[in-house]
Amino acid sequence: MSNYDVIIIGAGHAAIEAAFAASRMGCRVLMLTLDAASIGLMSCNPAIGGVGKGQLVKEIDALGGAMGKAADACAIQFRILNASKGAAVHSSRAQIDMDRYNRYMSELVSRQENLAVKQAEVKKLLVKKAEAYGVVTATGEEITAKCVVISAGTFLEGLIHVGLKHYSGGRINEPAANDLTADLRRIGFNLLRFKTGTCSRLDKNTIDFSKLTVQNGDEVPVPFSFSTQEIKREQVPCHITYTNNDTHRIIRDNLDKSPLYAGIIKAQGVRYCPSIEDKVVKFADRERHQIFLEPQGLDTDLVYPNGLSTSLPEDVQLDLIHSIEGLEKAKVIRFGYGIEHTVVEPTQIRPTLEAKSVRNLYFAGQINGTTGYEEAAAQGLIAGINAALRVKSKEPFILDRASSYTGVLIDDLTTKGTDEPYRMFTSRVEYRLILREDNADLRLRKYGFDLGLVTKEEYENTKRKEEAIKRGIGIFKATRIKPSAEVNLRLEAMGTAAIKRPATLEEILKRPQVSVKDLKNLDHLEMDLTDSALRECEIEVKYSGFIRRQLRDVERFKNLEKIRLPEELDYDGIACLSREIREKLKKFRPLNLGQASRISGVTPAAVSLLMVYLKNLDG
């Protein structure tokens, strides 16, 4: 029998962050995986980041996680999405060399002190008196630990669908984890079934790129990690094509062969990333759908046709692919498939990601009902941190909705739950103007440093950036320019009005037509600041009124979050609450009034009654 501080079940994005965090915090960690070669494998698309997801990666990096640095090391194209919109919704995305990412993460895990890897299948959890203390493998070996983190991805009762055929599997050519799923049921967890899918893989040598629209990366790549100084690697292009009426006809003619429409797949699919057959049926008025051709790496001929996720039979997949411009002669290296898998209803876990019913047992990633590498990694980091803190008998680490996208993600899952695969978007975040990806280091670096996950040098760099921003804004406020023919000529060249009286640089910069770069052209900006610090100064100045308003909203939010609800509170004894609300509060056991207010069906009046009841308890 082996003994560890923390056992991590899985080797995907959530598992890596959990293992990396717990081991760096001084715990003896064991990562258990069905295949040691699959550490950090990108199962679906060859990209990291995106709208809402880029913010998560930046936060993972700010806290000391691995994904941001790995993305910078393995990316082959960088783009800022929503760049023409406001700073609140700017989101980084990068095309990733999938093989290089797999190798990078494998090497990272192999070099990490206190972290061991064992290839084994977990059949059963060791639980006694509602406390987890280890696992049992397929060979009967018992491995004990103070905490267990389950990050099983799509492997829990995974069922792969291609046409009307289906077979057990957690990923293509990999077995499902059926015994562990049965054990979670035995312990008493309520489980759900979700469905996701992936696209075919095409041979780039058989694609006619001359017919396609080229999409290049940004001229100056912006790294994910705040520790990466610059990206010098040459970027490769992606390409865009579209489905057409012929494609849609092929799909409609074969819907009876789709497991989704034949009623074979019963699980709930991803609303915001549907299969191509789902898009054709649900958006029947659309004449075409975009297909984004993504290279899978520098040393491979594989191309991922993002937008063509499908579980149709292989012959139908081939026909619909060949109906698309540029893909008429495309060779399919691997066909797409759909996969049903089991998840734990996430309202059964705490904001620490520990199970409410089983102490020392944590869940992270797709097992909590999410979809996407970034959502999984963010959860893994928080689960690993909290498992390590439990081992050390320290207070848990919880990020709230006002502090981070990660806090919103976990709060949504644990408070509201989800009846479909959850994906992060900027629209889910109430305070997104102050929770931007560019200031994730300013918001979260200190937490990472205090936890031991961020180096002193990285933290000192963040403090210097913070001081530079304050200094820069001070200069903007203090520096005044007088109207003159030369100044007004330059202002008019910027597309903004001339000045008739002296104005501060802050007043000038608040104008929507003016940027920090424009101020430099006025010959009045002489500051020894980095580009990132200047960018922060510009955002803070331009959006100062909106930021102040959101900060007031945050203060009100935090007032409710500060009012704790005792875990043992007898809700049945609060007669003024309706039966429905009492039942919901007993089921969810919210930590505070803020969390209680976000439970579906709990009214503002009920929150006020709870507040009065708590005051009377304090007497």
Side-chain angles (χ1 to χ4, degrees), residues 13-14 17-18 21 48-68 71 87-92 224-226 346 349-353 364-365 368 370 372-386 389 395-416 422-451 453-454 458-459 462 465-466 536 539 547 550-551 553-558 560-562 591-592 594-595 598:
H13 305 283
E17 297 293 353
I48 283 176
V51 177
K53 293 168 175 282
Q55 283 85 342
L56 287 174
V57 181
K58 293 278 192 174
E59 291 180 357
I60 290 166
D61 181 73
L63 287 167
M67 180 173 269
V89 294
H90 289 179
S91 301
S92 294
F224 274 107
S225 175
F226 294 100
I349 59 177
R350 305 177 191 278
T352 59
L353 298 182
N368 290 338
T370 60
Y373 308 143
E374 305 82 2
E375 290 89 343
Q379 293 173 71
L381 179 60
I382 300 302
I385 287 170
N386 280 310
L389 291 172
E395 287 295 307
F397 178 66
I398 298 174
L399 291 173
D400 62 33
R401 302 184 74 87
S403 68
S404 59
Y405 273 62
T406 304
V408 172
L409 164 68
I410 294 174
D411 185 65
D412 277 353
L413 293 171
T414 60
T415 303
K416 303 174 184 177
Y422 179 103
R423 179 177 176 178
M424 176 52 70
F425 287 107
T426 55
S427 58
R428 296 188 189 273
V429 182
E430 302 93 327
Y431 311 117
R432 55 185 174 272
L433 187 53
I434 58 176
L435 303 182
R436 306 181 308 274
E437 67 168 39
D438 57 85
N439 69 1
D441 55 340
L442 302 175
R443 292 185 278 116
L444 302 175
R445 265 296 198 224
K446 187 177 189 311
Y447 292 128
F449 178 70
D450 291 342
L451 289 164
L453 300 177
V454 169
E458 288 173 325
Y459 181 48
T462 300
K465 176 181 172 181
E466 192 169 23
E536 292 299 319
I539 293 170
I547 289 173
Q550 281 208 347
L551 288 173
D553 292 341
V554 167
E555 197 57 40
R556 286 191 288 269
F557 164 83
K558 287 188 175 293
L560 278 181
E561 299 292 305
K562 289 175 184 175
L591 297 179
N592 52 58
Q595 191 180 24
R598 295 188 293 278

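Quick caveat, the model's predicted, so the values are computed rather than measured. Hydrogens, waters and symmetry mates are skipped; everything else that's a heavy atom, side chains included, is used. Note that the numbering runs from 1 along the sequence shown for the chain.
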Requested in this report: Test Thr352 against Ile382 for side-chain contact (heavy atoms from CB on, under 4.5 Å), laying out the working first.
Outcome: CA-CA 7 Å; Thr352 59; Ile382 300 302; over 6 Å; no
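- The neighbour count for Tyr447 OH, taken as heavy atoms of other residues, nucleotides or ligands under 6.0 Å away, does not exceed 12.
- Minimum interatomic distance between Gly68 and Val57 (heavy atoms only, all atoms of both residues): CA-CG1, 3.8 Å.
- Put simply, the side chain of Asp400 reaches to within 4.5 Å of the side chain of Phe557, judged on heavy atoms.
- Applying the salt bridge (Lys or Arg N to Asp or Glu O under 4.0 Å) definition to pairs two or more places apart or across chains, those involving residues 424-435 are Arg401-Glu430.
- Residues Ser91 and Thr426 have side chains in contact (heavy-atom distance under 4.5 Å, counting atoms from C-beta outward).
- No side-chain heavy atom of Met67 sits under 4.5 Å from any side-chain heavy atom of Asp61.
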Query raised in the report: Going through the checks in order, is the side-chain contact (heavy atoms from CB on, under 4.5 Å) test met by Asn592 and Lys562?
Result: CA-CA 7 Å; Asn592 52 58; Lys562 289 175 184 175; over 6 Å; no
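- Taking all atoms of both residues into account, the shortest heavy-atom contact from Arg598 to Asp411 is NE-OD2, 2.6 Å.
- Between Arg556 and Asp553, at least one side-chain nitrogen of the basic residue sits less than 4.0 Å from a carboxylate oxygen of the acidic one, meeting the salt-bridge criterion.
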Requested in this report: Go through Phe397 and Leu63 one step at a time and tell me if the side-chain contact (heavy atoms from CB on, under 4.5 Å) criterion holds.
Outcome: CA-CA 12 Å; Phe397 178 66; Leu63 287 167; 4.0 Å; yes
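- A distance-only check finds no donor-acceptor pair linking the side chain of Glu17 to the backbone of Ala14 [under 3.5 Å].
- Counting heavy atoms from C-beta on, the side chains of Lys53 and Arg423 come closer than 4.5 Å.
- Leu442 CG to Arg436 CZ: the interatomic distance, rounded to the nearest 0.5 Å, is 8.5 Å.
- Proximity of Ser404 to Leu399: side-chain heavy atoms (C-beta onward) are separated by under 4.5 Å at one or more points.
- The closest donor-acceptor contact from the side chain of Gln595 to the backbone of Thr415 lies at 3.5 Å or more, if one exists at all.
- Residues satisfying the side-chain hydrogen bond (donor to acceptor under 3.5 Å, both in side chains) test with Tyr422, not counting sequence neighbours, are Asp412.
- Residues meeting the ring pair (Phe, Tyr, Trp, His ring centres under 6.0 Å) test with Phe226, sequence neighbours left out: none.
- Looking only at side-chain heavy atoms (C-beta outward), Tyr431 and Ile547 stay at 4.5 Å or farther from each other.
- Proximity of a side-chain donor or acceptor of Glu59 to a complementary backbone N or O of Ala378 within less than 3.5 Å is not detected.
- The distance from the CD1 atom of Ile349 to the CG atom of Asn368 is 3.5 Å, given to the nearest 0.5 Å.
- Of the possible donor and acceptor atoms, one in the side chain of Arg443 sits under 3.5 Å from a partner among the backbone N and O of Ser403.
- Atom CD1 of Ile539 sits about 4.0 Å away from atom CG of Asp438, to the nearest 0.5 Å.
- With Arg445 contributing its side chain and Tyr459 its backbone, the two residues share no donor-acceptor pair below 3.5 Å.
- Atom CD of residue Gln550 and atom CD1 of residue Ile434 lie 5.5 Å apart, to the nearest 0.5 angstrom.
- Considering all non-hydrogen atoms of both residues, Gly384 and Ala21 come closest at C-CB, 4.3 Å.
- The shortest heavy-atom contact between Ala88 and Tyr405 is O-OH, 4.0 Å.
- At distances below 3.5 Å, not a single donor-acceptor pair connects side-chain atoms of Asn386 with backbone N or O atoms of Ala383.
- Between Leu56 and Met424 the shortest side-chain heavy-atom distance falls below 4.5 Å.
- In this structure, CD1 on Ile60 lies 7.5 Å from CD on Glu374, to the nearest 0.5 angstrom.
- For the atom pair OG1 (Thr406) and CD1 (Ile398), the distance works out to 13.5 Å, reported to the nearest 0.5 Å.
- The side-chain contact (heavy atoms from CB on, under 4.5 Å) test with Glu375 is passed by exactly one of Ile410, Leu413, Thr370: Thr370.
- At a cut-off of 3.5 Å, with distance as the only test, a side-chain donor of Ser92 or Glu437 sits close to an acceptor on the other residue.
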